[in-house]
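Inspection log for the structure reproduced underneath, given as structure tokens.
In what follows, chains are A, B, ... by sequence order, proteins preceding strands, each numbered from 1. All values reported here derive from a predicted model rather than from experimental measurement.
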Protein chains: 2
Amino acid sequence: MSATAQPQTKPENAGLAAEVRAVARAAKDAALQLSLSTAEQRTAGLKAMAAAVREDASLILAANDKDMAAAGGLTPALKDRLKLDAKRVEAMAKGIDEVAALPDPLGQVMAEWDRPNGLHIARVRVPLGVIAIIYESRPNVTADAAVLCLRSGNAAILRGGSESVNSSSTILASLKRGLKSAGLPDAAITRLPTQDRAAVGELLKLDDLIDVVIPRGGKSLIERVAAESRIPVLKHLDGNCHTYVDRAADLAMARKIVLNAKMRRTGVCGATETLLVDRRVARTHLPPILDDLAKAGCELRGDAETRALDGRVTLANDSDWDTEYLDAIIAIKLVDGVDEAIAHINRHGSHHTEAIVTGDEAAAKKFMAEVDAGIVIHNSSTQFADGGEFGMGAEIGISTGKLHARGPVGAEQLTSYKYLVQGSGQVRP
Amino acid sequence: MSATAQPQTKPENAGLAAEVRAVARAAKDAALQLSLSTAEQRTAGLKAMAAAVREDASLILAANDKDMAAAGGLTPALKDRLKLDAKRVEAMAKGIDEVAALPDPLGQVMAEWDRPNGLHIARVRVPLGVIAIIYESRPNVTADAAVLCLRSGNAAILRGGSESVNSSSTILASLKRGLKSAGLPDAAITRLPTQDRAAVGELLKLDDLIDVVIPRGGKSLIERVAAESRIPVLKHLDGNCHTYVDRAADLAMARKIVLNAKMRRTGVCGATETLLVDRRVARTHLPPILDDLAKAGCELRGDAETRALDGRVTLANDSDWDTEYLDAIIAIKLVDGVDEAIAHINRHGSHHTEAIVTGDEAAAKKFMAEVDAGIVIHNSSTQFADGGEFGMGAEIGISTGKLHARGPVGAEQLTSYKYLVQGSGQVRP
């Protein structure tokens, strides 16, 4: 988790380092207070946060206007992520309401048992402590991250992108008002004192104060955080997702699912990037599926066989099988049934979300068991890979690692546990 | 998880790198087969392993004699860890029997629910994949690690200390015979081809083949692994454990517990290193507790107050509060009740195991809630910090981190999960 040669603080950054440490120290103190708060207090805080966001909607939109005015250099996709309107602010408030309505995870007895010597052992859910979340342009991540941390009793240190600094700090001020009105510590949700990149470097050194770092954004951000951090990182890497159309797939269902999985939104991590089709049904199933995709504006890149079947397909090269396009492009390959589909996915996939369309229960069972991914789906769209769609209220992201949390990360995934052992004077022989 | 500047393979190590990669590749293939094996097969494999260890007892002891003959330079404590006798080999076999009798964790549905759109979501326990375990002199770790990995469906790559190489490889051969007789893949439990330290460096680079690294041993081993590894590490760091004797402690119980917590075995990570005593009962409780410890041969190091109360106490310095002695030495400090005890522990403890002795339920409840440790114990000995004592059959160690696993790491803690989503043609709006 730590590097052999640690980056040292440069003398000119000593003041910055002290400032960042003070923020983290305050967050750690707040985390202790939060861990002792009641579920009712946390729920009241969340409800007050939703109300404050609604009350402050016009302030938030005005701050967002400032960010948008300064966003001249951004791509249209990034501008769309940055942009807030009345509907998006209301969706943010509604998301907070949903998290407020979720069962509180803390104090839950996950397991308990008695030992022959009379010791009673209970495994009880507790917060992780202090969570740092480093994200990019979407200002609503400020609310998602803060409320999931509060629901799970963690203090949050937020560091959003510079392009959303006005929106994010205005949203944060509303959230803090909600916190305060429920008697919860102000420092339970906080942000870095500056947008200076060096501040993130200082933050990533504080393994005595911060328990987990969650980077949410592009691959380069995540890799930078993973490389620099002395603190454990919950990574959300790429989603190179597949949909496999089996020989026993219902054609109408396969068409509907593939079109949605690829084209509903192409920029989300659960979008399908590669289509695998069972060679036995290529002649019947592939042309209508490709028609749908082409009509929706999707570029088709396939292996030689699919190209031979359909002239619109251009030849894919080896790197296509490993590419997360996040765009209206799909790679297409014929396979010899479920076994070859599984082998292709386990070799090229990113362990995110994988789907099979089939009416054959045995093939589905095999696919679900053998595909190595956080989410495996039978007869539905990979675009359901989302904490909200899973019923978690919101998500911080989709974890592609196997340790701690896999798949959507909601409030429950932001907890740890401790063992409480009750004795009556036992000593160990 | 990875360092900014990665260690490169030196040209002279290219052959070694290829050899290590081949071992890891075989382990990954075996892991896939294991993940598809049945609980019955894994149980049969474990039972056959226990039988093979018993059959091979004399071979194992002969190999251990060789290791002991070469162990001239080791300290008595390390020699004791290395030494096997008939009783210890039988204990090893019995430990395997216990793990064989544990419920199999794989395939367990941890949670399942239906969504309004008809999707059925299940969170199901799966293996982590390939686990590398790097340990020091105790040859029985070979069996503990291998059987816990098999129970949880993981392939294990073992790398024991050079001083136990004959014992460990003989034990491994017995375990492999057991595996094979149950039709499980030979490469499911394997070891590095050489004791060359460079081989460990090569292993720690293989984040495409290995899912987790568990270092088990001294602080320097663990820090080296954490610093070098590109693979996620489950750390088992030091156990700076405390026992707090509260004003409402029963004196007889406190004496029995403190003596056991410190002196039963001083070299285990659950041994108490600092005794905290409520100032209000220092005059009545401290002298008899210190009598017991002194009679058992324990060195006493205390703050000025405890020294004033008892002439046998030498003055502790600041570093004593942060030291894991793993020896017959105890640090002693008076505190102003449960709040100061909690503050001292949260500042100086290592989040391992902490105990309170008290008859006051409110004080106990406060201590259990506010002490930040994997295991918190009321009215019993910190030496119960052990997977076997918790009923887990065996343990790979005690995790002091908060991510993934905290406290004793048994078979269940060596698992991950995946989400299985069952649809009937749903697409996301």
| task | Indicate yes or no: does A/R115 engage B/E389 in a salt bridge with an N to O separation below 4.0 Å. | result | no
| field | Presence of salt bridge, B/E412 and A/R123, under 4.0 angstrom | value | yes
| field | Proximal component of B/A254, with respect to chain A [non-hydrogen, under 4.5 Å] | value | neither
| field | Side chain proximity check, A/R428 to B/D386, heavy atoms < 4.5 angstrom | value | yes
| note | Heaviest contributor of heavy-atom pairs below 4.5 Å to chain A, chosen from B/M368, B/M253, B/K402, is B/K402
| task | Answer whether the closest heavy-atom distance between the side chains of B/L36 and A/E370 falls below 4.5 Å. | result | yes
| message | Taking side chain as everything from C-beta outward and backbone as N, CA, C, O, which of these in A/N117 sits under 4.5 Å from a heavy atom of chain B? Side chain, backbone, both or neither. | response | side chain
| message | Is A/Q413 close to chain B through its backbone or its side chain, or both, or neither, when contacts mean heavy atoms under 4.5 Å? | response | side chain
| note | Under 4.5 Å to a heavy atom of chain B? For A/S424 that would be backbone
| request: Could you tell me which of B/H351, B/Q422, B/R224, B/R265 has the largest number of non-hydrogen atom pairs under 4.5 Å with chain A? | output: B/Q422
| task | Flag the one option from A/T382, A/D372, A/D250, A/N260 with the top tally of heavy-atom pairs under 4.5 Å to chain B. | result | A/N260
| request: Determine yes or no for a side-chain-to-main-chain donor-acceptor pair under 3.5 angstrom, with B/K418 supplying the side chain and A/A369 the backbone. | output: yes
| So what's closer than 4.5 Å to chain B heavy atoms on A/A252: side chain, backbone, both or neither? | neither
| Do A/S380 and B/L119 have side chains that get closer than 4.5 Å, going by heavy atoms? | yes
| query | When rounded to the nearest 0.5 angstrom, what is the spacing between NZ in B/K365 and CG in A/L420? | reply | 11.5 Å
| said: Can you tell me how far apart CG (A/L32) and CG (B/N346) are? Round to the nearest 0.5 Å. | reply: 7.0 Å
| Between B/I121, B/V357, B/V124, B/V371, which shows the greatest number of heavy-atom pairs under 4.5 Å with chain A? | B/I121
| Taking the side chain as C-beta and beyond, is there a heavy-atom pair between A/V421 and B/H378 under 4.5 Å? | no
| For the side chain of A/W113 and the backbone of B/F390, is there at least one donor-acceptor N/O pair under 3.5 Å apart? | yes
| note | Most heavy-atom pairs under 4.5 Å with chain A, out of B/T353, B/D211, B/L259, belong to B/D211
| request: First locate atom NE2 of A/H404, then atom CG of B/L403, and finally report the distance between them rounded to the nearest 0.5 Å. | output: 5.0 Å
| Side-chain touch A/I257/B/Q426, heavy atoms, less than 4.5 angstrom | no
| remark: Looking only at heavy atoms, the pair that brings A/P408 and B/Y419 closest together is CD-CE1, 3.8 Å
| Student check: side-chain heavy atoms of A/R264 and B/V427 closer than 4.5 Å | no
| note | Given A/S381, A/S416, A/G129, the one with more heavy-atom pairs under 4.5 angstrom with chain B than any other is A/S416
